[in-house]
Amino acid sequence: MSDLSIVVTHAGAREERTVTTGTRAWELYADDADVIAARVNGVLCDLAHELRDGDEVEGVAIDSKHGRDILRHSTAHVMAQAVQQLWPDARLGIGPPIENGFYYDFDVETPFHPDDLDKIETAMRKIIKEGQRFSRRPVADAEALAELKDEPYKLELIGLKGSGHGEDAAEGANVEVGGSADGELTIYDNLRRDGNLAWKDLCRGPHLPTTKRIPAFKLMRTAAAYWRGDEKNKQLQRIYGTAWESKDALAAYLAQIAEAEKRDHRKLGRELDLYSFPEELGPGLVVFHPKGGVIRRVMEDYVRRRHIEEGFSYVSTPHISKDGLFHTSGHLPYYADTMYPPMELEGARYQLKAMSCPMHNLIYQSRGRSYRELPLRLFEFGGVYRYEKSGVVGGLTRVRGLTQDDSHSYVTPEQAADEIKHLLNFCLGLFRDFGLEDFYLELSTRGDTPKDKFQGSEEDWATAEAILQQAADESGLELVPDPGGAVFYGPKISIQAKDAIGRTWQLSTVQYDFGQPAGFGLEYVAADGSHQQPVMIHSAKFGSIERFIGVLVEHYAGAFPPWLSPVQVQGIPIAERHVAYLEDVAKQMSERGLRVEIDDSDDRMQKKIRNAQLQKVPFMVIAGDQDMEARAVSFRYRDGRQDNGVPVSEAVERVAAAVASREQV
RNA sequence: GCCGGUGUAGCUCAGACGGUAGAGCGUCCGCCUUGUAAGCGGAAUGUCGCAGGUUCGAUUCCUGUCACCGGCUCCA
């Protein structure tokens with residue numbers, strides 16, 4: 001038996017080691033229970049991987065990104081084994097790790113019921129207890145086809161891999177067949193302690209050494225999902241689960257989900273009396289109550305003022321138009337199924353608008369335009385209607401009637417890059433004022449999507465994508481490519497913002513459009529007297545005002561900063577005799593434009609505090625005998641802080657200052 | 001649009017092997033007049049989502065439908 005020299009790396013340090021032939025990776029980590037896989041020469045491997053001379057080896061810890069993926073993928077295997085135990089006719093789809101967990105798809109006669117999850121979890125616990133070994137076995141394609149003859153979906157994946165489409169098979173399918181440099185297929189056998197085969201699956205790996213190494217998991221929900229993500233394919237039954245390196249990590253994750261549920265804008269909207277979704281109106285149609293109306297109005301006033309400061313002109317256009325307009329814009333062939341159907345009147349067909357750009361084009365076109373007027377910037381609150389599919393509407397995030405803070409910049413081609421940068425900066429400043437600080441950009445291009453889904457020439461697209469790319473690069477923000485995500489008339493940049501609990505939301509979009517100016521025959525007279533076609537740049541800052549309100553409610557968990565709070569100050573008299581005094585204080589505040597209410601109900605003062613607290617009012621101003629005597633009030637903040645005996649004039653200033661600065665309190 | 005789940009008072013929820021329902025909060029009416037998260041007493045409240053079917057009888061069982069929720073697909 002000869003010796004091998006290998007290099008073991010850990011946290012950047014390199015250590016040369018000599019080991020005997022036949023040494024497997026796990027032997028290097030026998031005393032480190034956190035290591036569940038190894039990276040050998042940069043490739044993730046099972047701990048059972050046999051080392052060769054010159055290998056560079058690094059342990060993969062279970063709480064690292066890759067370690068969690070391996071844990072989760074292994075847990076998916078355990079779940080699939082459990083499902084096939086309980087439902088032997090279940091056929092396997094794919095089972096990749098995903099953010100925070102994993103799923104596995106099954107073709108079953110009867111969809112799973114939520115109660116089935118308990119049964120499956122029980123079976124999984126048994127499998128974990130058995131300490132089954134995950135054992136890797138390379139197989140030739142023909143062998144794999146023979147072994148998996150009862151798994152039609154796996155056969156399909158093998159076939160796709162054979163034809164060189166392995167990567168396209170489905171998102172997540174490369175954990176089954178992709179990745180291996182030599183295109184070799186592998187099967188993972190789950191072996192019991194006595195060596196008997198418990199279960200097997202086509203899989204690239206790697207996996208945990210044994211099922212015992214799954215510290216904590218939970219099945220979350222069942223759902224249907226189209227095979228290979230295509231609506232035309234059969235729906236399989238998907239089970240989502242989560243798995244973590246420790247019971248504590250699982251508990252923390254579940255707590256995070258519970259926190260998100262507490263912030264749900266649908267729930268808070270009802271509790272804070274902001275808005276509702278009356279059944280009588282129909283799905284996706286929202287009414288804003290007085291308190292929600294305040295938030296809307298403050299946002300609208302703010303964004304209108306900001307647009308004007310940034311060189312926009314505020315305009316207004318109707319909600320309805322003859323359908324020819326949307327044919328000219330090119331929207332109608334593309335979006336016919338998501339626009340409300342036409343109304344026939346006096347021989348014409350009228351449609352509710354689903355976007356305002358065609359109408360802004362009419363304003364541009366209303367007279368001749370000179371290059372001296374460009375950039376010409378139009379902005380409005382466009383009420384638009386989109387017949388979103390019934391399964392996607394929900395809350396404020398996806399509605400059928402919405403208000404866009406929709407703007408269009410008409411520019412010369414040379415001005416486009418600067419205008420895009422201008423718009424991106426505008427958006428970022430705006431989000432910061434709303435307390436969102438953490439962003440990244442997404443650049444949506446054509447990618448390899450069939451060209452007939454997009455309008456315009458190769459050159460136009462190339463130019464547009466290059467300009468957006470450059471503007472995005474210069475922003476200094478992280479940029480995520482989104483090939484295939486472009487709109488039919490041009491590429492776009494979207495700004496993704498992270499909220500208080502780390503979720504990302506797509507907010508603003510900036511789109512480069514050469515198609516509509518061509519379709520409408522838009523022109524300007526250039527310096528040399530020639531007629532030229534402008535470029536239009538679409539941008540929406542909030543996107544949809546409804547949706548942005550939903551995001552803000554969740555971001556702030558309903559506890560808005562004072563400038564956005566429907567009620568900024570709740571006046572609380574200690575006894576009835578203090579009401580008049582507080583009314584006088586309230587009057588002074590109202591005169592400063594502050595929103596004040598006084599609770600003069602029969603409730604006890606403690607109850608009034610509780611109510612104001614539940615309504616998440618930022619400032620409670622309490623007054624009793626001591627305060628009256630001192631011409632003062634007592635502050636109570638949402639977090640329970642108190643500041644008593646504050647002179648009235650100072651109290652007014654304090655609230656006014658907090659509102660003016662848009663700070664959170 | 002597709003798959004699954006859910007639908008009982010304004011809200012959160014309980015309940016009945018089929019005999020038309022209950023709690024807490026809220027609301028209303030009294031009493032209490034109060035110092036930093038629920039004072040006390042009383043009252044009213046529902047086509048048990050809607051429409052058919054089975055049944056002597058359906059809120060309960062069946063079918064359809066609408067709405068919502070979780071996913072999938074989609075998102076100008």
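Residue numbering restarts at 1 for every chain, and letters A, B, ... go by the order of the sequence lines.
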Completion exercise
Considering only heavy side-chain atoms of A:D602, the closest of B:G71, B:C32, B:U73 is B:C32
Practice task
Could you tell me whether A:D230 contacts a base, only the sugar-phosphate backbone, or nothing, with contacts defined as non-hydrogen atoms closer than 4.0 Å?
Solution key: nothing
Practice task
Report which part of the nucleic acid A:T509 touches: base, sugar-phosphate, or nothing (heavy-atom distance under 4.0 Å, all strands).
Solution key: nothing
Problem - Short side-chain N/O contact from A:R636 to OP1 or OP2 of B:A37, under 4.0 Å - result: yes
Practice task
Give one of base, sugar-phosphate or nothing for A:H113, where a contact means two heavy atoms less than 4.0 Å apart.
Solution key: sugar-phosphate
Completion exercise
Picking from B:A76, B:U73, B:C32, the nucleotide nearest the side-chain atoms of A:A354 would be B:A76
Handout entry: Neighbour count >12 (heavy atoms, 6.0 Å) for atom NZ, A:K322
Key = no
Fill in the blank from the handout: Expected string for nucleotides 59-64 of chain B under the B/S/- scheme (protein heavy atoms, under 4.0 Å, primed atoms plus P, OP1, OP2 as sugar-phosphate) is ------
Practice task
Taking only the side-chain heavy atoms of A:K607 (C-beta and beyond), determine which of B:A38, B:G4, B:G71 contains the nearest atom.
Solution key: B:A38
Practice task
Remember a base hit wins even if backbone is also touched, and classify A:Q626 as base, sugar-phosphate or nothing at under 4.0 Å, heavy atoms.
Solution key: base
Exercise for the section: Check whether the side chain of A:Q235 and the base of B:C2 form a donor-acceptor pair under 3.5 Å. Expected result: yes
Problem - Out of B:G70, B:G1, B:A76, whichever nucleotide has its closest atom nearest the side chain of A:V392 - result: B:G1
Handout entry: Proximity to the side chain of A:E279 - top-ranked nucleotide from B:C32, B:A67, B:G71
Key = B:A67
Problem - Nucleotide nearest A:R266 when distance is taken to its side chain, options B:C3, B:C69, B:G1 - result: B:C69
Practice task
Could you note down all residue pairs passing salt bridge (Lys or Arg N to Asp or Glu O under 4.0 Å) where residues 619-631 of chain A supplies at least one of them, sequence neighbours left out?
Solution key: A:R577-A:D625, A:D584-A:R631
Identify the pairs formed between an N or O of the protein and an N or O of nucleotides 27-29 of chain B at a distance under 3.5 Å, and give each distance.
none

Exercise for the section: Could you pick out which residue, A:E231 or A:Q404, lies toward the 5' side of RNA chain B when each is mapped onto its nearest nucleotide? Expected result: A:E231
Handout entry: Which nucleotides of RNA chain B pair, in dot-bracket form (Watson-Crick or G-U under 3.5 Å, | meaning another strand)
Key = (((((((..((((.....[..)))).(((((.......))))).....(((((..]....))))))))))))....
Exercise for the section: Answer with base, sugar-phosphate or nothing: what part of the nucleic acid does A:P573 contact at a heavy-atom distance below 4.0 Å? Expected result: nothing
Practice task
Classify the nucleic acid contact of A:A225 as base, sugar-phosphate or nothing, counting any heavy atom under 4.0 Å across all strands shown.
Solution key: sugar-phosphate
Practice task
Give one of base, sugar-phosphate or nothing for A:Q506, where a contact means two heavy atoms less than 4.0 Å apart.
Solution key: nothing
Sub-3.5 Å pairs of nitrogen or oxygen atoms, protein against nucleotides 10-15 of chain B:
residue	atom	partner	partner atom	Å
B:U12	OP1	A:R270	NH2	3.1

Problem - Any A:R238 side-chain N or O less than 4.0 Å from OP1/OP2 of B:C3 - result: no
Practice task
State, with a plain yes or no, whether a side-chain heavy atom of A:R228 is found less than 4.5 Å away from one of A:L160.
Solution key: yes
Completion exercise
Closest to the side chain of A:R386, out of B:G4, B:C74, B:A76, is B:A76
Fill in the blank from the handout: When A:R638, A:R636, A:K608 are each screened for side-chain hydrogen bond (donor to acceptor under 3.5 Å, both in side chains) with A:Q613, the one that passes is A:R636
Exercise for the section: Measure from the side-chain heavy atoms of A:Y335 and tell me the nearest of B:G35, B:A76, B:C32. Expected result: B:A76
Problem - Residue whose nearest RNA chain B nucleotide is more 5′ - A:M628 or A:Y489 - result: A:M628
Handout entry: Flag, side chain of A:Q84 to backbone of A:A90, donor-acceptor distance under 3.5 Å
Key = yes
Handout entry: A:Y637 side chain to A:D643 side chain, donor-acceptor N/O pair below 3.5 angstrom
Key = no
Exercise for the section: Would you tell me whether A:D105 and A:W227 have side-chain atoms, one donor and one acceptor, within less than 3.5 Å of each other? Expected result: no
Handout entry: Aromatic contact, A:F381 with A:F542 (centres under 6.0 Å)
Key = no
Problem - Stacked pair A:Y240-B:G71, distance under 5.5 Å, angle under 30° - result: no
Practice task
Please work out if A:R577 contacts a base, only the sugar-phosphate, or nothing of the nucleic acid, heavy-atom cut-off 4.0 Å.
Solution key: sugar-phosphate
Exercise for the section: Mind listing the closest non-hydrogen atom pair of A:C357 and A:Y410 along with its distance? Expected result: O-OH, 4.3 Å
Exercise for the section: Kindly say whether A:P562 contributes a backbone atom to a donor-acceptor pair with the side chain of A:Q568 at under 3.5 angstrom? Expected result: yes
Problem - Distance below 4.0 Å between A:R610 side-chain N/O and B:G39 OP1 or OP2 - result: no
Problem - Polar contact flag, side-chain donor to acceptor under 3.5 angstrom, A:T317-A:H360 - result: no
Problem - Shortest side-chain distance from A:T338, nucleotide among B:C68, B:A76, B:C3 - result: B:A76
Handout entry: Short side-chain N/O contact from A:K389 to OP1 or OP2 of B:C75, under 4.0 Å
Key = no
Practice task
Check whether more than 12 heavy atoms from other residues, nucleotides or ligands sit under 6.0 Å from atom CD of A:E271, and answer yes or no.
Solution key: yes
Exercise for the section: Would you classify A:K608 as touching base, sugar-phosphate or nothing, given that sugar-phosphate means primed atoms plus P, OP1 and OP2, and contacts are heavy atoms under 4.0 Å? Expected result: nothing
Exercise for the section: Please state whether the rings of A:Y275 and A:F277 are parallel, tilted or perpendicular, taking 30° and 60° as the class boundaries. Expected result: perpendicular
Handout entry: Listed nucleotide nearest any side-chain atom of A:I609, set B:C32, B:U36, B:G71
Key = B:U36
Handout entry: Sub-6.0 Å ring centroid separation between A:Y489 and A:H538
Key = yes
Problem - Nucleic acid contacts - residues 611-619 of chain A versus RNA chain B, non-hydrogen atoms under 4.0 Å - result: A:Q613, A:L614
Handout entry: Parallel, tilted or perpendicular: rings of A:F488 and A:Y334 (30°, 60°)
Key = parallel
Practice task
Quick one: label A:Q642 by what it contacts on the DNA or RNA (base, sugar-phosphate, nothing), any heavy atom closer than 4.0 Å.
Solution key: base
